[in-house]
Amino acid sequence: KIVGYSETAFVMSSETADYKVRFFTPTSEVDLCGHATIATFNLLKILDRVENGSYTQETKVGILNIHIKDNLVYMQQPNPIYSEIVSYEELKECFENVEFNKQFIPQVISTGLREIFLPVKDFSTLNDLIPRIDKIKEVSLAHNAIGIHAFCFDEEIDAYGRNFAPVVGIDEESATGTSNGALACYFFKHAYRQSYYVFRQGYSMNLPSEITAYIQFSNEIEEIWVGGSALLLDEENY
């Protein structure tokens, strides 16, 4: 039976890492999931299976490093692969109402999962987006991506985002670690370079999240990490 949450992580022993983790959406298995990783290792810490320190996780994109400090978990992602530019003409049909930020380009980027990154005008535009899920799925499949991560720049933090991944059965996601790690790489390449980026997501769903991405770099990106904290819910809260 498929679990109905946006992602469910299954944790098991590994011959090559500290743990092996597989990730499933309501419709399929995905190679990697950032926020489910953060939740997994927060839970392992609550259960006293791990403590502050460094660990490794076997995934379908390879063995990734994990760092735990108190209630924060950071996951290393594969370095970015910058792929094709997607036209605004193609993307405008994906939403009933959208104003683009045409100072920047929509692009497919992967730090483990291919997604289309779409800059929109401002927070109001982002929050008011009405997605056409079938069209998002069509455009995503045309670019071998799992969905569209729409975002806007912000003065207080770096960006707000909304994530639509209907290819894997998720109409909208309140927090996406892999996407925000890749978004940090988008910022690094197209906007401004810094070590830490702060992103917020889920506000349109009344499920706010804050995700931090860390980039180690010299001239180019050497390592990309994404992280945050998690809240343990019991059955009374579901």
Side-chain angles (χ1 to χ4, degrees), residues 3 5-25 29-80 109-113 115 149 157-159 161 163 170 173-185 187-188 194-202 207-218 221-235 237-238:
V3 178
Y5 293 105
S6 58
E7 273 98 6
T8 301
F10 292 86
V11 186
M12 58 204 81
S13 60
S14 171
E15 296 181 356
T16 56
D18 293 308
Y19 294 94
K20 180 179 180 179
V21 186
R22 295 176 66 184
F23 306 98
F24 291 82
T25 75
E29 183 173 8
V30 292
D31 292 346
L32 182 63
C33 178
H35 77 274
T37 294
I38 291 164
T40 294
F41 280 86
N42 267 285
L43 178 60
L44 289 172
K45 191 168 188 294
I46 290 169
L47 297 174
D48 294 322
R49 302 292 185 90
V50 298
E51 55 189 24
N52 287 348
S54 297
Y55 296 87
T56 53
Q57 169 182 247
E58 179 187 349
T59 73
K60 288 201 165 186
V61 299
I63 296 174
L64 303 178
N65 294 316
I66 305 292
H67 185 72
I68 303 171
K69 184 177 181 182
D70 302 326
N71 68 331
L72 291 173
V73 174
Y74 274 85
M75 178 189 78
Q76 187 178 11
Q77 297 180 246
N79 280 357
I109 302 174
S110 172
T111 52
L113 297 172
E115 291 190 80
H149 191 89
I157 58 168
D158 292 293
N163 189 272
I170 303 171
E173 178 65 274
S174 60
T176 46
T178 50
S179 304
N180 283 286
L183 181 59
C185 297
F187 270 60
F188 186 88
Q194 58 190 38
S195 295
Y196 286 93
Y197 297 89
V198 179
F199 304 121
R200 290 177 182 165
Q201 191 177 326
L207 293 169
S209 64
E210 185 166 289
I211 299 129
T212 304
Y214 166 70
I215 291 180
Q216 180 177 319
F217 66 94
S218 52
I221 294 174
E222 297 172 352
E223 294 181 4
I224 170 69
W225 297 73
V226 66
S229 59
L231 176 66
L232 176 63
L233 302 176
D234 61 29
E235 289 184 352
N237 297 119
Y238 283 91

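Remember, predicted model here, so these are calculated numbers, not experimental data.
- Annotation for Thr111 and Cys185: closest pair CG2-SG, 4.0 Å, computed over non-hydrogen atoms.
- Remark: His149 NE2 to Ser179 OG distance equals 5.5 Å, nearest 0.5 Å.
- A side-chain donor-acceptor contact under 3.5 Å links Asp70 and Asn52.
- For Tyr19 and Tyr55, the distance between ring centers is not under 6.0 angstrom.
- Ring pair Tyr74/Phe41: centre-to-centre distance not below 6.0 Å.
- Checked against a 6.0 Å centroid threshold, the rings of Phe10 and Phe24 count as neighbours.
- Neither side chain, Thr25 nor Glu7, offers a donor N or O lying under 3.5 Å from an acceptor on the other.
- Checking Thr176 against Gln201 by side-chain atom types alone, a donor-acceptor pair falls below 3.5 Å.
- Among all heavy-atom pairs drawn from Val198 and Asp158, the shortest one is N-OD2, 2.8 Å.
- Taking OG1 of Thr56 as the reference point, atom CG of Leu64 lies at 9.5 Å (rounded to 0.5 Å).
- No side-chain donor from either of Gln57 and Asn65 sits under 3.5 Å from a side-chain acceptor of the other.
- Considering only heavy atoms from C-beta on, His67 stays 4.5 Å or farther from Met75 through its side chain.
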*For Tyr197 and Thr212, what are the C-alpha separation, side-chain angles and deciding distance, and is it a side chain to side chain contact (heavy atoms under 4.5 Å, CB included)?*
CA-CA 6 Å; Tyr197 297 89; Thr212 304; over 6 Å; no
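- Atom CZ of Phe217 is surrounded by more than 12 heavy atoms from other residues, nucleotides or ligands within 6.0 Å.
- Contact between Leu32 and Pro78 at its shortest, heavy atoms only, is CD2-CD, 4.3 Å.
- His35 contributes atom NE2, which lies 6.5 Å from atom OG of Ser174 (distance to the nearest 0.5 angstrom).
- For the atom pair CG (Asn180) and CG (Asn163), the distance works out to 8.0 Å, reported to the nearest 0.5 Å.
- Gln77 CD to Thr37 OG1: the interatomic distance, rounded to the nearest 0.5 Å, is 9.0 Å.
- Residue Glu51 comes nearest to Lys45 through the heavy atom pair C-CE, 4.3 Å, listed as atom of the first residue, atom of the second, then distance.
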